[in-house]
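Since the structure is predicted, the reported quantities are computational estimates derived from the model, not experimental observations.
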Amino acid sequence: MPPVLRHALTTLTLVLGVACASRGRVTELPNGLRYRVLATGRGAEAVSGQRVSIHETTTLPNGTLIYSSRGGNPITFQLGAGQVITGVDQGVTGMRVGERRLLIVPPALSRRTSYPANTPPDSVLHIDVELMQIRP
């Protein structure tokens, strides 16, 4: 399947999953990404191609803190452009400003080189992400 079509189908699946998900229930996408809505948002919806700003806290399943942007500046990136790990790109797509999700990202969707340091490349990541802003 061409990458553009695969991305479009994944995005559609994520958006439909958000529409059907109730707060607190875990939703699993076909690619293995799971998420739970922790707080609903009421702002604009994030779509691929937009610049978004998020706060995130990343931990291992045992609770070991890997990284947190909270207490500092939000992370800003272009959604869907591969500037962050695939699990974050797909997990933020469809969120509304003010929404907060817990993303459970399998290793296949968290491929990274050396960042964060001392994190095994085959580890599942738990990412508590909050959509702060969407920029044109």
*Does R100 have any salt bridge (Lys or Arg N to Asp or Glu O under 4.0 Å) partners at least two apart in sequence or in another chain, and if so, which?*
D128
*L60 and L125, any side-chain heavy atoms less than 4.5 Å apart*: yes
*Minimum heavy-atom separation for I85 to L109, with atom names?*
CB-O, 3.8 Å
*Mind checking salt bridge (Lys or Arg N to Asp or Glu O under 4.0 Å) for R51 and listing every partner two or more places apart, or none if nothing turns up?*
none
*Could you tell me whether the side chain of V97 reaches within less than 4.5 Å of the side chain of Q133, counting heavy atoms only?*
no
*asked:* Nearest 0.5 angstrom please: I127 CD1 to I54 CD1, how far?
replied: 8.0 Å
*Taking Q50 for its side chain and V47 for its backbone only, find out whether a donor-acceptor pair lies under 3.5 Å.*
yes
*Does a side-chain heavy-atom distance below 4.5 Å link S53 with R135?*
yes
*Can you check whether V92 reaches V129 side chain to side chain, under 4.5 Å on heavy atoms?*
yes
_Is it true that, when you exclude N73 itself, more than 12 heavy atoms of the residues, nucleotides or ligands shown sit nearer than 6.0 Å to its CG?_
no
*asked:* Any side-chain to backbone donor/acceptor pair from T86 onto G82? Under 3.5 Å, distance only.
replied: no
*Will you find, in the side chains of H55 and S69, an N or O donor that is under 3.5 Å from an N or O acceptor?*
yes
*Heavy atoms only: give me the nearest V105-S110 pair and the separation to one decimal.*
CG1-CB, 3.8 Å
*What heavy-atom pair brings V52 and A46 nearest, and what distance separates the two atoms?*
CG1-CB, 4.1 Å
_Treating E99 as the side-chain partner and T40 as the backbone partner, does any N or O pair qualify as donor plus acceptor under 3.5 Å?_
no
*side-chain hydrogen bond (donor to acceptor under 3.5 Å, both in side chains) partners for E130, two or more places apart*: none
_To the nearest 0.5 Å, what is the distance between CE on M95 and CD on E45?_
11.0 Å
*D89 side, atom CG; Q83 side, atom CD - distance, nearest 0.5 Å*: 8.0 Å
*asked:* So which atom in L131 and which in R96 form the shortest heavy-atom distance, rounded to 0.1 Å?
replied: CD2-C, 3.6 Å
*asked:* Using 0.5 Å steps for rounding, measure from the OH atom of Y35 to the CD atom of Q90.
replied: 11.5 Å
_Where L65 and T58 come nearest, the two heavy atoms and their spacing_ = CD1-O, 3.7 Å
_Under 4.5 Å between side-chain heavy atoms, counting indirect links through other Ile/Leu/Val/Met/Phe/Trp/Tyr residues: same cluster for I75 and M132 or not?_
no
*Taking the side chain as every heavy atom from C-beta outward, state whether T64 and T59 have any pair of such atoms under 4.5 Å apart.*
no
*Would you check if I104 and L33 make a side-chain contact, meaning some heavy-atom pair closer than 4.5 Å?*
no
*Within a strict 4.5 Å, meaning less than it, do heavy atoms of the E56 and S68 side chains meet?*
no
*Any side-chain heavy-atom pair from L79 and F77 closer than 4.5 angstrom?*
yes
*asked:* For the CZ atom on R70, are there more than 12 heavy atoms of other groups (residues, nucleotides or ligands in this structure) within a distance under 6.0 Å?
replied: yes
